[in-house]
Peer 1: 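Please find one structure pasted underneath; my questions will follow.
Counting begins at 1 with the first residue of the sequence.
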Amino acid sequence: MKGGIYNIVKARFLVNEDATKNWRFIVFLILLAIIMIANTHRFEQKVFKIADLSNEVKELRSEFVDRRSELMQLKMESTISKKMEARGIVPSQVPPVKIKVKKPAEKSFFQKLWQ
């Protein structure tokens, strides 16, 4: 037991006759660690990008609400009448009248036939 720990501390397992098997395993562990680090890095990049896009969506949504409220304000009759008064156009004092147009009655099949 004491000799085994001493051999590990001195790294004799890397220089003895079957060291190629140990080196392969160590290289495999190093490559696995590099892949894990790269994967973690990509994950963090995506998390930051998601956070940035979420902030951008919030900003665009608030801008949309602002623009929509401005549009609703501009569409109001009072706002339009104020802008038209500056041009000399005032609202009519007489309310509009609905014009009804009577359609001629459809002739029946027999009336069309005798004409």
Side-chain angles (χ1 to χ4, degrees):
M1 182 73 174
K2 193 173 192 178
I5 294 175
Y6 182 72
N7 287 337
I8 291 174
V9 171
K10 287 285 191 175
R12 296 235 168 118
F13 64 93
L14 296 176
V15 290
N16 60 8
E17 52 275 348
D18 62 343
T20 57
K21 184 170 66 172
N22 295 336
W23 278 107
R24 285 185 204 157
F25 185 68
I26 291 171
V27 168
F28 172 73
L29 289 179
I30 290 171
L31 288 174
L32 195 63
I34 290 172
I35 290 171
M36 287 177 61
I37 291 169
N39 191 23
T40 304
H41 182 66
R42 287 190 59 191
F43 173 74
E44 288 176 354
Q45 281 180 335
K46 288 182 180 182
V47 167
F48 288 136
K49 187 171 183 177
I50 288 170
D52 289 342
L53 290 174
S54 296
N55 289 338
E56 186 177 350
V57 165
K58 287 178 185 176
E59 289 175 11
L60 290 173
R61 187 171 287 136
S62 67
E63 184 178 343
F64 167 72
V65 169
D66 290 343
R67 299 286 184 225
R68 186 172 57 184
S69 64
E70 286 178 22
L71 178 64
M72 295 302 280
Q73 186 73 23
L74 289 174
K75 286 172 53 176
M76 291 177 65
E77 184 180 353
S78 60
T79 308
I80 293 172
S81 62
K82 284 179 187 176
K83 288 189 177 192
M84 290 294 116
E85 283 177 6
R87 295 182 181 181
I89 301 172
V90 292
S92 175
Q93 300 298 325
V94 180
V97 178
K98 188 172 185 178
I99 300 173
K100 294 182 181 179
V101 177
K102 290 187 177 182
K103 291 184 181 178
E106 283 278 332
K107 294 181 181 179
S108 68
F109 175 72
F110 294 111
Q111 287 174 346
K112 289 180 187 176
L113 189 69
W114 291 109
Q115 284 185 350

Peer 1: Report the residues that fulfil salt bridge (charged side-chain N to carboxylate O under 4.0 Å, His left out) with Arg67, sequence neighbours left out, ordered by chain and then residue number.
Peer 2: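 Applying salt bridge (charged side-chain N to carboxylate O under 4.0 Å, His left out) to Arg67 gives Glu63, Glu70.
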Peer 1: Could you list the donor-acceptor pairs under 3.5 angstrom formed by side chains in residues 80-101, with sequence neighbours left out?
Peer 2:
from: Ser81; atom 1: OG; to: Glu77; atom 2: O; distance (Å): 3.2
from: Ser81; atom 1: OG; to: Ser78; atom 2: O; distance (Å): 2.9
from: Ser92; atom 1: OG; to: Val94; atom 2: N; distance (Å): 3.2
from: Ser92; atom 1: OG; to: Val94; atom 2: O; distance (Å): 3.1

Peer 1: Show every salt bridge (charged side-chain N to carboxylate O under 4.0 Å, His left out) that has at least one partner inside residues 44-62, sequence neighbours left out.
Peer 2: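 Qualifying pairs, neighbours excluded: none.
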Peer 1: Apart from Leu74 itself, what residues make up its hydrophobic cluster, given side-chain heavy atom links below 4.5 Å?
Peer 2: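 Same cluster as Leu74: nobody, lone residue.
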Peer 1: List in chain and number order the residues that pass side chain to side chain contact (heavy atoms under 4.5 Å, CB included) with Gln73, two or more places apart in sequence or in another chain; answer none if no residue qualifies.
Peer 2: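 Testing Gln73 for side chain to side chain contact (heavy atoms under 4.5 Å, CB included), a comparison that skips the adjacent residues, returns Met76, Thr79.
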Peer 1: Could you give the side-chain donor-acceptor pairs of residues 29-43 under 3.5 Å, partners two or more places apart or in another chain?
Peer 2:
from: Thr40; atom 1: OG1; to: Met36; atom 2: O; distance (Å): 2.9
from: His41; atom 1: NE2; to: Gln45; atom 2: NE2; distance (Å): 3.3

